[in-house]
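What follows is a single structure, written as structure tokens, with notes after it.
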Amino acid sequence: MKQSKLTHGSLFSGIGGFELGAEMAKIDTLWNCEIEKFQGEILKLRFPYAERFTDITKTTGLRYVDIISGGFPCQDISVAGKREGIKGKRSGLWGEMYRIIWEVRPKYVIIENSPALTISGLEQVLCDLSKIGYNAEWQCISNYAFGYPHKRERLYLIAYSNKVRLQSDIRKCGRFDSIFKQWTSDTSVGYTCAKRIFEIPAHSTIRNDDGFPNWSHRVGSIGNAVNPTVAKYLFECIKLFDKQLIQD
């Protein structure tokens, strides 16, 4: 068997957590979309060969990619927000991501959001994806699991077209394996077994510098970013799954 060369497009890109994860997994990002100016400058600097878009509501006609990723806004979904749900003004931008998935028709979709999506919109996401021929699996994944000293639990959903599902069923004689791979110390799937959180001592002080350029922009951007290590794991899961579908 041989593996196809997968391509990636990113929505709600922020400072490029998914782009960096794709790069680590040796997957090319062909385009991204981010409306915030500071984050957009980071994307242009770090991923100069990706086509840049800004306002998702005005973005259409995107070139085909095999994988679309995106963490649509969670402010209306998160328990820290007003809980307006997926119909809220900001989290309602899921509708634009859905539109672009419909237009591009990628083989795979990665969605990142608050775990509260399970009670404030996941049913809508799954129904929308089903309407255009996608099935999906999801997991809540914490940064703890990747050895980081902070929880940052997020819901990650991987959708795949029904055509992909059918190919897998045929290849596996009706047995369908999960697209998520078990986390091991095998770095080929992106998981590295660092020290567990209880082995890491707490820091006695937290320092910052008022002279740090763009401090608030940087902190906010990092806080909203997808962990690239987790993103790499997701892309590696897709690569391994997709490899099963390719024959000589």
Side-chain angles (χ1 to χ4, degrees), residues 3 6 8-29 32 34 39 42-43 46-47 66-74 77-80 108-118 122 125 136-160 177-204 206-208 218-244:
Q3 185 168 328
L6 296 172
H8 168 238
S10 169
L11 300 171
F12 307 106
S13 305
I15 54 174
F18 272 122
E19 283 87 337
L20 185 54
E23 182 179 88
M24 293 162 66
K26 297 181 171 54
I27 294 175
D28 292 333
T29 297
N32 52 45
E34 173 55 50
Q39 289 89 327
I42 299 297
L43 292 172
R46 187 62 182 80
F47 307 100
D66 298 295
I67 308 167
I68 288 179
S69 71
F72 65 93
C74 68
I77 292 169
S78 172
V79 294
Y108 304 99
V109 179
I110 305 174
I111 295 171
E112 177 266 356
N113 211 280
S114 164
L117 181 66
T118 56
L122 181 59
V125 170
E137 301 175 38
W138 59 95
Q139 289 187 354
C140 286
I141 301 175
S142 169
N143 280 352
Y144 281 174
F146 288 78
Y148 290 90
H150 52 283
K151 188 175 183 181
R152 180 68 171 171
E153 186 178 37
R154 306 295 285 171
L155 182 142
Y156 293 93
L157 179 149
I158 301 180
Y160 36 80
D177 292 336
S178 173
I179 197 166
F180 287 96
K181 305 305 176 188
Q182 184 175 0
W183 298 339
T184 69
S185 59
D186 179 0
T187 57
S188 67
V189 294
Y191 175 69
T192 55
C193 189
K195 285 185 175 295
R196 297 184 57 150
I197 180 61
F198 59 76
E199 296 176 322
I200 302 174
H203 293 283
S204 59
I206 299 175
R207 299 178 59 190
N208 62 56
R218 288 171 182 254
V219 171
S221 298
I222 293 170
N224 288 327
V226 171
N227 185 327
T229 304
V230 179
K232 178 180 185 288
Y233 159 73
L234 299 172
F235 284 115
E236 293 289 358
C237 286
I238 289 174
K239 283 174 60 179
L240 289 174
F241 184 85
D242 194 72
K243 187 177 180 179
Q244 301 171 4

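Excluded from the calculations below are hydrogen atoms, water molecules and symmetry mates; all remaining heavy atoms, backbone and side chain alike, are included.
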Roughly how far apart are Leu11 CG and Ile110 CD1, rounded to 0.5 Å? 11.5 Å
Would Leu122 and Leu157 count as a side-chain contact (heavy atoms from CB on, under 4.5 Å) here? Give the steps. CA-CA 10 Å; Leu122 181 59; Leu157 179 149; 3.8 Å; yes
Mind checking the CG-CD1 spacing from Leu234 to Ile141? Nearest 0.5 Å is all I need. 5.5 Å
Taking the side chain as every heavy atom from C-beta outward, state whether Leu43 and Glu19 have any atom pair closer than 4.5 Å. yes
Considering all heavy atoms of both residues, which atom of Ala25 and which atom of Phe235 are nearest to each other, and what is their separation? CB-CB, 3.8 Å
Measuring only between side-chain heavy atoms, which start at C-beta, is Tyr160 closer than 4.5 Å to Val109? no
Within this structure, what is the CE-OG1 distance for the pair Met24 and Thr229, rounded to the nearest 0.5 Å? 4.5 Å
Rounded to the nearest 0.5 Å, the CG atom of Leu155 sits from the OG1 atom of Thr118 at a distance of 7.0 Å
Test applied, ring-ring contact (aromatic ring centres under 6.0 Å, His included); reference residue, Tyr233; option that passes from Tyr156, Phe18, Phe146: Phe146
Under the criterion side-chain contact (heavy atoms from CB on, under 4.5 Å), which of Cys140, Ser142, Ser114 is the partner of Arg154? Ser114
To the nearest 0.5 angstrom, please state how far the CZ atom of Phe241 sits from the CD atom of Glu137. 7.0 Å
Run Phe47 and Thr29 through side-chain contact (heavy atoms from CB on, under 4.5 Å) and show every step you take. CA-CA 8 Å; Phe47 307 100; Thr29 297; 5.7 Å; no
Set out, in order, the CA-CA distance, both residues' side-chain angles and the distance that settles side-chain contact (heavy atoms from CB on, under 4.5 Å) for Leu117 and Phe72, then state yes or no. CA-CA 11 Å; Leu117 181 66; Phe72 65 93; 4.0 Å; yes
Side-chain donor-acceptor pair present, Glu153, Tyr144, cut-off under 3.5 Å: no
Distance, nearest 0.5 Å, that separates CZ of Arg46 from CD1 of Ile15: 11.0 Å
Tell me, do Trp138 and Asn113 make a side-chain contact under 4.5 Å, heavy atoms counted? no
